[in-house]
Amino acid sequence: MCGIIGYVGNKKANSILIDGLLALEYRGYDSAGIATLENNEIKILKDKGRVKNILNLDGYDKLEGTYGIAHTRWATHGKPSKENSHPHFDNSKTFAVVHNGIIENYNELRAFLTENGYTFYSQTDTEVIPNLINYYFTKLNDSSKENNEKILEAVSSATKDLKGSYAIEVISPLIPETIIVARKDSPLVIGTSNGENFVASDIPALLTYTRDFYLLDDNELAVITKDSITFYNNNLDTYNKEIKNIEWDASAAEKNGYEDYMLKEIFEQPNSIRETIGSRLKLNEPCNFDDLDISADYLKNVNKIFIVACGTAMHAGLVGKVLLEKLCKIPTEVDIASEFRYRDPIIDDKTLCIYVSQSGETADTITALKLSKAKGAKTLAISNVIGSSITREADYTIYTHAGPEIAVASTKAYTSQVVLFAVLAIHFAEILGFGNSEITINSDGGTITLDNLKKDILSLPKKLNNILENTDIIKQFADEAFKEKDVFFLGRGIDETVAREGSLKLKEISYIHSEAYASGELKHGPIALIENGINVISILTDPSLAKKSISNIQEVITRGAKTMVVTNQDLEGHEFDYVIEIPEVCPLISPILSVVPLQLLAYYISKNKGLDVDKPRNLAKSVTVE
Ligand code: M6R
């Protein structure tokens, strides 16, 4: 989704703005633009296409300004074009604005401004913002006030008129070397360093410059110069804000010799899940969550858990459901955030709602969280990004600590989320007094003790390494499969949740149509699509379901399908085209291993097709609009 960058300091702003935009490219965009000030006049360079195109626009080299704003646009209102790209001017070219979010009442505001003599050159919702600022600024005909005071008031009044979501930056020749920012329901951070300050949509974009950040909250404004940052609330009262020191270093957000971020992030998984486990889980000790103060009294009262998320985070939630139900015996439902919000879920103070979001900025997830809070539930956020919006809204937060995830296709965030669900479920089980119980893990009545489950969790990094050292068969399959148009992913039980994640990964970066089904459901319709040569990928890790799953695979082989099986079961006596063997582990946490060959498969297929793995078409890393 749209990305925002701002700089004010002593250096030339143009290259800093461009570097910032390049660092935000992973969010997904279709146009880019920058604005700086030259001789008291705002210069805007913008166009559809890549950030690098700005370097070739007339006048780029001549931009001497030491402050400015910049933007990558992910089109919502109006197709990608120069006119629709940001920054946008007001009619008098006194204010330039970049915006991330959606102004839901832009039609009304446009009509109101038109009645007041304003005209519009773009189809965007954003263009109303600079004109509204102009409107309020012009109305404030108060000569006793300085321009900076008047403009701040105008920005504040304008934002009060906006319905929807926004993170904005405003510059004007009337207030040199100053950027005004404001936000509601869209991310915005301010990085600070000696004699220079920065603005961005997310933290990794600024890590080469600083590790010190202020996180702007909803309905807050800030006035930023090179030496000062002043924070204001809605009523324009000033206040102090806490600075956050971010531990991630810049190299964590670089490719470090890998061809793509996605590949790097896949290979980081042994380490990222080690970080997720951290000191939370040790053998022969109860789990320890320093960052989660949930009491036994509260938890014993919880009679329902909702896990709410989008995309891959929702798939991690599907595994979380199994873990929480098996270990804690609390009924758990998983919901897609964009649906949850509108389906009037039955929630009260006995409901715990867990929100999972790598970025912590997903608009649907944040909105759903706010809804459940309003209905009286306690909310727990699972996020990867320290201080992200969701963590600021939730009652409790636990972090995955997976390190920055840059590729649009989520990989290490998923495995860390699942690991965290496993450790959290053990922690809850211990709080609830189930610490010494045997946990039933499958339909054959197989059981595991919590101690053995802990051992299995701690064995995961080594087992992941083992998978990552043996990628040849996956590559061979990818060399054939990249020519195909349709793929099916099948699994039963927990393997079905992995089928869904494998299918999502493949479609988003290879653009191959794929479907995931519970293996047993295939013959109730989709089997009609199975024909000679079609690829069917099955995940098979639960011994109690193996026989049934194998029968389902036989059914597609009989109809001509080419099969790949990801398994830790003994398949002797069965003929499949490709078998990817993965190490054995308790079925409750097998997704952490079985997903990895599917991530690699999607990656190799995308490479074979010559696609941009890290920045697939139409997708954005943080989906900050509903
Ligand atoms: O940042 P979030 O975890 O909230 O993001 C949720 C989804 O948008 C995300 O997982 C998306 O599905 C990924 N592109 C999947 O690879």
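First listed ligand is number 1; within each ligand, the first listed atom is number 1. This structure is a prediction, so every number in the text was calculated from the model and none was measured.
With Thr312 as reference, Glu501 is the one residue of Glu508, Glu501, Arg500, Gln358 to meet the side chain to side chain donor-acceptor pair (under 3.5 Å) rule.
The single protein non-hydrogen atom nearest to atom 1 (O) of ligand 1 is Ser359 OG, 2.7 Å, given as residue, atom name and distance. For atom 4 (O) of ligand 1, the nearest protein heavy atom (residue, atom name, distance) is Thr362 OG1, 2.4 Å. Closest protein heavy atom to atom 3 (O) of ligand 1: Gln358 N, 2.6 Å. Of the protein's heavy atoms, Glu508 OE1, 2.8 Å lies nearest to atom 14 (N) of ligand 1. Nearest to atom 6 (C) of ligand 1 among the protein's heavy atoms is Cys310 O, 3.4 Å. Annotation: atom 8 (O) of ligand 1 to nearest protein heavy atom, Val623 CG2, 4.0 Å.
A salt bridge links Arg343 and Glu333; the closest N-O separation between the charged side-chain nitrogens and carboxylate oxygens is under 4.0 Å. Under a 4.0 Å N-O distance rule, the pair Lys244/Asp212 does not qualify as a salt bridge. The pair Arg280-Asp291 meets the salt-bridge criterion, with a side-chain N (NZ, NE, NH1 or NH2) lying under 4.0 Å from an Asp/Glu carboxylate O. A salt bridge is absent between Lys615 and Asp260: the closest approach of a Lys/Arg side-chain nitrogen to an acidic carboxylate oxygen does not fall below 4.0 angstrom.
Of all the atoms in ligand 1, the ones that sit under 4.0 Å from a non-hydrogen atom of Ala409 are 16 (O). The Lys505 neighbourhood of ligand 1 comprises atoms 15 (C), 16 (O), with distances under 4.0 Å to a heavy atom of that residue. Atom numbering of ligand 1 starts at 1 in the shown order; those under 4.0 Å from a heavy atom of Thr312 are 10 (O), 12 (O), 15 (C), 16 (O). Short contacts between ligand 1 and Ser357, defined as distances under 4.0 Å to a heavy atom of the residue, involve ligand atoms 1 (O), 2 (P), 3 (O), 4 (O). Each of the following atoms of ligand 1 lies closer than 4.0 Å to a heavy atom of Ala313: 3 (O), 10 (O).
The main-chain N or O of Pro331 is never found under 3.5 Å from a side-chain atom of Lys304 such that the two would form a donor-acceptor pair. For the pair Glu405 (side chain) and Lys412 (backbone), a donor-acceptor distance under 3.5 Å is present.
Under the 3.5 Å distance criterion, with hydrogens and angles disregarded, no donor-acceptor pair is assigned to the side chains of Thr124 and Asn84.
For Met314, no heavy-atom contact with ligand 1 is shorter than 4.0 Å.
With sequence neighbours excluded, the residues that form a side chain to side chain contact (heavy atoms under 4.5 Å, CB included) with Val322 are Lys326, Ile494, Leu588. Every residue two or more places apart in sequence or in another chain that forms a side chain to side chain contact (heavy atoms under 4.5 Å, CB included) with Lys507 is listed here: Ser503, Ser514.
Some N or O of Val408 is nearer than 3.5 Å to an N or O of ligand 1, by distance alone. Residue-to-ligand polar distances keep Lys621 apart from ligand 1: every N/O pair is separated by 3.5 Å or more. No N or O atom of Gln417 sits closer than 3.5 Å to an N or O atom of ligand 1.
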